[in-house]
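Predicted model, so just to flag it, every value in this text is computed and none were measured.
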Amino acid sequence: MMANFYQFRSANRIFTGVGVVKTIKDNIHQLPGDIKNVLIIAQPSMLKFGYVDTLQEALSSAGVTSAVRSDVTPEPTIHYVEEAVEEINQEQYDAMIGIGGGSVLDVTKFFAVCHTNEQSVREMMGIEQIQKPGVPMILIPSTSGTGSEVTPNSILTLPEEELKVGVVSQYFLPQQVYLDAALTLELPKPITAATGMDAFTHSLESYISNKANPLSDMFAMESMKLISDNILEAYHNGKNETARENMLLGSMLGGMALSAAGTAAVHAMAYPIGGSFGVTHGVANSMLLPHVMEFNYDAVEERLEMVAQETSLSKSGNANDVLESIQSLTAELEIPQDLRAFGVKEDDVSDLAAAASNVKRLMDNNPKQMSVKEIETIYRRLLL
């Protein structure tokens, strides 16, 4: 059923094209305020391949000085953000630029709002808890996965709770986004696979969610088309600029879809195995997606038929083909399928299921109610 009421919000401006990052010199002063000094939060690989140098040169030519921070770890914790904010706030920055994968973009959002708010990071947890806007923000993704560059969401790991949580705020939306496929050409195959399937999960879950609506459907379907048509080419031939551009666009559209409709049980179940066992977000979603969709099948068959008819995931237009194609994709992309490889044991299943069931924001968005026992059954399917 379509949601009766829905809304959409995203980044203010989006710039696309191979090499588009260089045009930041022409656009940086369109940000609100007097931009003289910025902090760049960068993935280490962006330094290695010279993209940060290119960015700094462009900023310098626009009369803007910049500092660089490149210590963001995958799946960042709340403790990392708290400590980093304390250091960052000793200086005054007029804007923040995040260039990297989802973790880099997510922490950049926190750095920006913590530069202007007196709240602690813990007080910002939840939905729309942040009191006022941060400094202007530019986000530049280097992977085709999270879509974080266009969402009001950020994910942090809470080690004590052994959980990942999603924080939502209108102030996490950036003023500018740059989609530059050149930044993705060196992505290793495992990251291409996991982030690409993560983006696909965003779109498919948004398409079958209880809050699906005409806007989210439009973004989700186009995202699924782009990803299903290009992910294998990007994986096997990473230097293919066209495939990389299409994956980057598909990822962004997936972010727009989830902003409008939200994700569901796959993400709810992914958070505990990420928080407790360090399974990266993209891998966790990829592992769970076919099993959760199989559980949801009788509630979403009509929607899956639309996916089958509109994408390359089926030749016959049959809904079941979509599930089989997802299984085939994850196999060819060599995405792990055994939770035991990450240290998960049978004794852990009940705790994981209890934690997942408590992610009410996402579980309530699932098109079919899922009991704790049913969650346990899905986790056990991944204990090979």
Side-chain angles (χ1 to χ4, degrees), residues 1-3 6 8 102 144-148 150-153 155 164-166 168 194-228 231 250-274 279-308 310-311 313 319 322-323 325-327 329-330 335 356-357 359-370 374-375 378:
M1 182 188 301
M2 287 284 185
Y6 51 91
F8 175 71
S144 304
T146 68
S148 180
V150 292
T151 76
N153 307 341
I155 297 174
K164 290 182 183 178
V165 296
V168 182
T195 57
M197 287 305 297
D198 185 23
F200 183 85
T201 303
H202 294 157
S203 298
L204 183 54
E205 278 214 290
S206 297
Y207 194 70
I208 57 88
S209 86
N210 288 332
K211 290 191 260 184
N213 58 74
L215 284 173
S216 64
D217 282 357
M218 175 179 65
F219 294 127
M221 186 63 79
E222 186 62 24
S223 172
M224 286 187 283
K225 288 179 183 178
L226 287 166
I227 294 170
S228 61
I231 189 168
S251 173
M252 183 194 70
L253 293 174
M256 290 178 169
L258 75 86
S259 293
T263 52
V266 172
H267 277 69
M269 292 182 66
Y271 286 163
I273 58 176
V279 184
T280 60
H281 187 61
V283 169
N285 280 340
S286 302
M287 296 173 79
L288 289 160
L289 179 62
H291 302 287
V292 173
M293 284 302 126
E294 184 178 352
F295 171 84
N296 285 333
Y297 188 82
D298 57 342
V300 300
E301 183 175 4
E302 184 176 339
R303 300 240 91 192
L304 289 179
E305 283 183 357
M306 292 295 294
V307 176
E310 296 292 330
T311 72
L313 294 172
V322 175
L323 300 187
S325 292
I326 292 171
Q327 291 277 27
L329 277 177
T330 54
I335 292 173
S357 69
V359 187
K360 300 294 186 184
R361 176 176 65 92
L362 301 182
M363 279 298 184
D364 289 347
N365 206 25
N366 201 60
K368 186 176 177 182
Q369 189 173 5
M370 188 177 286
E374 288 166 332
I375 296 172
I378 292 176

State, yes or no, whether a side-chain contact exists between [X] and [Y] at a heavy-atom distance under 4.5 Å.
{"X": "L288", "Y": "T201", "result": "no"}
{"X": "M370", "Y": "I378", "result": "yes"}
{"X": "L313", "Y": "F200", "result": "yes"}
{"X": "M293", "Y": "I208", "result": "yes"}
{"X": "I155", "Y": "Y271", "result": "yes"}

Say whether, by atom type as modelled, one donor and one acceptor occur between the side chain of [X] and the main chain of [Y] under 3.5 angstrom.
{"X": "N365", "Y": "A261", "value": "yes"}
{"X": "E310", "Y": "M221", "value": "no"}
{"X": "T311", "Y": "A308", "value": "no"}
{"X": "N213", "Y": "S216", "value": "yes"}
{"X": "N153", "Y": "V168", "value": "no"}

Closest heavy-atom pair and its distance - [X], [Y]:
{"X": "G166", "Y": "R361", "value": "CA-NH2, 3.9 Å"}
{"X": "P272", "Y": "A356", "value": "CG-N, 3.6 Å"}
{"X": "G282", "Y": "D198", "value": "CA-CB, 3.7 Å"}
{"X": "A265", "Y": "N366", "value": "CB-OD1, 3.2 Å"}
{"X": "S251", "Y": "G145", "value": "OG-N, 3.0 Å"}
{"X": "A284", "Y": "A270", "value": "CB-CB, 3.7 Å"}

I'd like to know whether Q369 forms a side chain to side chain contact (heavy atoms under 4.5 Å, CB included) with E374, so could you lay out the CA-CA distance, the side-chain angles of the two residues, the decisive distance to 0.1 Å, and finally the verdict. CA-CA 10 Å; Q369 189 173 5; E374 288 166 332; over 6 Å; no
By the salt bridge (Lys or Arg N to Asp or Glu O under 4.0 Å) test, which pairs, at least two apart or in different chains, include something from residues 279-297? E294-R381
Yes or no on side chain to side chain contact (heavy atoms under 4.5 Å, CB included) for H267 and V359, after CA distance, side-chain angles and deciding distance? CA-CA 9 Å; H267 277 69; V359 187; over 6 Å; no
Around M363, counting heavy atoms of other residues, nucleotides and ligands shown, do more than 12 lie under 6.0 Å from its CE? yes
What's the spacing between [X] [atom1] and [Y] [atom2] if we round to 0.5 Å?
{"X": "S209", "Y": "D217", "atom1": "OG", "atom2": "CG", "result": "8.5 Å"}
{"X": "H202", "Y": "M224", "atom1": "NE2", "atom2": "CE", "result": "13.0 Å"}
{"X": "L304", "Y": "N296", "atom1": "CG", "atom2": "CG", "result": "8.5 Å"}
{"X": "M269", "Y": "L362", "atom1": "CE", "atom2": "CG", "result": "12.5 Å"}
{"X": "S223", "Y": "L204", "atom1": "OG", "atom2": "CG", "result": "10.0 Å"}
{"X": "M256", "Y": "M252", "atom1": "CE", "atom2": "CE", "result": "4.0 Å"}

Evaluate the side chain to side chain contact (heavy atoms under 4.5 Å, CB included) criterion for residues L329 and M197: first the C-alpha distance (whole Å), next the side-chain angles of each, then the deciding distance (0.1 Å), finally the verdict. CA-CA 9 Å; L329 277 177; M197 287 305 297; 4.3 Å; yes
